[in-house]
Amino acid sequence: MKKDDFLEARPLKSDFYSLPTLELAQALLGCLLVKQTSEGTTAGYIVETEAYVGPEDKAAHSYNNRRTKRTEIMFHESGLAYTYQMHTHCLINVVSGGAGNPEAVLIRAVEPAAGIELMLERRQVKQRVALTNGPGKLTKAMGISMTDYGHPFTEPPLFIAPGLLPASISAGKRIGIENSGEAKDYPWRFWITDNPFVSRHQQALSVIEPKKG
DNA sequence: GGGGAGATCTACT
DNA sequence: GTAGATCTCCCCG
């Protein structure tokens, strides 16, 4: 792939986001996340996601249909950005499940594809791999913030475009949800097998053949 | 009006 | 391995 191919990238249409959340979390792997700012454009291939599956998932912010100012956007149509603040960081999700069904996919890591110089300016790190190998890291590197709350991923300046089809997808337990009862063991974390930008190494509970299309 | 919790990251030992 | 950073609510009082 040529260096500037991301400039040709066109957002995925809204019907892409009508996939069931667990399928969407896998379909997003390999896709290109693009953010344009006045400082420049950054893009990265999504290499790690987690599914948060609506009112029945104790680990989800929307558990028990909890509807607050923060979770409000999860109740809207699929394909919107759900950003929220976590300690000193901003995390970004893709709203899924359709209107009235509050589900989402957390983007946990990307592999830099464009704008790496700008990412390096935004994050002081020694190792390139540390630029975007975590949910709080990638938002800082790409200039994603709470002002992106509710933005549709189908249009600039923040959008998702087709990328590469992963050779293999691994599934395992989600990270950082130890206080979520039995939900903590659900295998709803997905990553591109052996990709170096994945946030944490973990035993895969299963390995999946990616779906084409 | 205030305490507490949280899907994290970094630095230091 | 663990502490501290430092934000936005929610919810109880």
Side-chain angles (χ1 to χ4, degrees), chain A residues 21-22 24-26 28-29 33 42 44 46-76 78 80-97 101-112 119-151 153 160 170-192 196-205:
Chain A
T21 297
L22 289 173
L24 181 63
Q26 297 168 61
L28 282 167
L29 294 175
L33 178 65
T42 52
I46 298 171
V47 300
E48 180 182 350
T49 60
E50 281 178 2
Y52 287 87
V53 187
E56 278 79 55
D57 179 3
K58 279 188 184 170
H61 293 157
S62 55
Y63 176 60
N64 212 14
N65 274 315
R66 182 183 173 85
R67 188 166 185 160
T68 67
K69 200 169 180 181
R70 180 174 71 155
T71 64
E72 174 63 28
I73 205 68
M74 293 182 75
F75 290 81
H76 291 220
S78 301
L80 304 179
Y82 169 35
T83 51
Y84 73 94
Q85 187 100 18
M86 177 54 173
H87 291 275
T88 54
H89 303 282
C90 175
L91 276 61
I92 186 162
N93 297 250
V94 180
V95 172
S96 59
N101 188 29
E103 306 187 352
V105 176
L106 171 66
I107 299 175
R108 283 194 56 91
V110 306
E111 175 171 343
M119 292 187 188
L120 286 165
E121 281 177 37
R122 288 168 170 158
R123 277 180 52 69
Q124 305 293 334
V125 294
K126 298 169 186 143
Q127 312 255 359
R128 243 164 87 119
V129 74
L131 268 183
T132 55
N133 65 342
K137 298 177 188 178
L138 75 91
T139 54
K140 182 163 187 197
M142 298 187 68
I144 294 167
S145 71
M146 288 306 295
T147 60
D148 292 306
Y149 184 91
H151 178 83
F153 280 109
I160 295 172
S170 294
K173 298 180 185 181
R174 292 174 292 179
I175 304 291
I177 55 165
E178 293 308 305
N179 296 323
S180 303
E182 72 279 1
K184 74 179 171 55
D185 293 327
Y186 297 167
W188 290 348
R189 174 183 181 228
F190 304 98
W191 65 93
I192 297 181
F197 289 88
V198 166
S199 66
R200 292 200 209 179
H201 296 293
Q202 179 199 49
Q203 178 74 38
L205 297 174

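Within every chain, numbering begins at 1; the chains are lettered A, B, ... in the order of the sequence lines, protein sequences first and strands thereafter.
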field: Within-4.5 Å side-chain heavy-atom neighbours: Asn65(A) and Pro102(A)
entry: yes
message: It should be established whether Arg123(A) places a side-chain nitrogen or oxygen under 4.0 Å from OP1 or OP2 of nucleotide dT10(B).
response: yes
message: When you compare the ring of His89(A) with the six-membered ring of dT8(B)'s base, are the centres less than 5.5 Å apart and the planes under 30° from each other?
response: no
message: Applying side chain to side chain contact (heavy atoms under 4.5 Å, CB included) to Ile175(A) and Gln202(A), what does each step give before you reach the verdict?
response: CA-CA 10 Å; Ile175(A) 304 291; Gln202(A) 179 199 49; 4.3 Å; yes
query: Could you state the OH-P distance from Tyr63(A) to dG6(B), rounded to the nearest angstrom?
result: 15 Å
- prompt: How far apart are the closest heavy atoms of Pro187(A) and Ala171(A), and which atoms are they?
  reply: O-CB, 4.1 Å
query: With a 4.0 Å cut-off on heavy atoms, is Leu106(A) in touch with a base, just the backbone sugar-phosphate, or nothing at all?
result: base
query: Think Lys137(A) has a side-chain N or O under 4.0 angstrom from the OP1 or OP2 of dT10(B)?
result: yes
query: Which whole-number value in Å describes the distance from Met146(A) CE to dG6(B) C1'?
result: 13 Å
task: Write down the distance between CG (Asn64(A)) and P (dC11(C)), rounded to a whole number of angstrom.
output: 11 Å
field: Rounded distance (Å) that lies between atom C1' of dT10(B) and atom NE2 of His87(A)
entry: 13 Å
- prompt: How far does CZ of Arg128(A) sit from CG of Leu120(A), to the nearest 0.5 angstrom?
  reply: 7.0 Å
Minimum side-chain heavy-atom gap Leu33(A)-Leu138(A) below 4.5 Å: yes
- prompt: What nucleic acid atoms does Arg67(A) come within less than 4.0 Å of, heavy atoms only: base, sugar-phosphate, or nothing?
  reply: nothing
- request: Answer with base, sugar-phosphate or nothing: what part of the nucleic acid does Arg70(A) contact at a heavy-atom distance below 4.0 Å?
  value: sugar-phosphate
query: Rounded to the Å, how far apart are Lys140(A) NZ and dA5(C) C1'?
result: 12 Å
field: Residue met sooner reading DNA chain B from 5', once Gln124(A) and Arg108(A) are mapped to nucleotides
entry: Arg108(A)
message: How many whole angstroms separate atom NZ of Lys58(A) from atom P of dA7(B)?
response: 15 Å
- request: Tell me, with the steps shown, if Arg122(A) and Thr42(A) meet side chain to side chain contact (heavy atoms under 4.5 Å, CB included).
  value: CA-CA 11 Å; Arg122(A) 288 168 170 158; Thr42(A) 52; 3.7 Å; yes
field: Pairing string, 5' to 3', for DNA chain C - Watson-Crick or wobble contacts under 3.5 Å, brackets [ ] where pairs cross, | to another strand
entry: |||||.||||||.
- request: Just compare dA7(B), dT6(C), dC9(C) and give me whichever is closest to any side-chain atom of Tyr82(A).
  value: dA7(B)
task: Starting from P on dA5(B), measure out to CD on Gln85(A) and report it in whole angstrom.
output: 18 Å
message: Does a side-chain N or O of Thr68(A) approach OP1 or OP2 of dC10(C) to a distance below 4.0 Å, or not?
response: yes
field: Check: Leu131(A) and Phe197(A) side chains under 4.5 Å, non-hydrogen atoms
entry: no
task: Check whether any side-chain N or O of His61(A) sits under 4.0 Å from OP1 or OP2 of dA7(B), and answer yes or no.
output: yes
query: Roughly, in whole Å, what's the span from OH in Tyr84(A) to C1' in dT8(B)?
result: 9 Å
message: Of the listed nucleotides (dC10(C), dA5(C), dA7(B)), which one gets closest to any side-chain atom of Ile177(A)?
response: dA7(B)
- request: Please determine which of Leu106(A), Asn93(A), Val105(A) meets the side-chain contact (heavy atoms from CB on, under 4.5 Å) test together with Thr49(A).
  value: Val105(A)
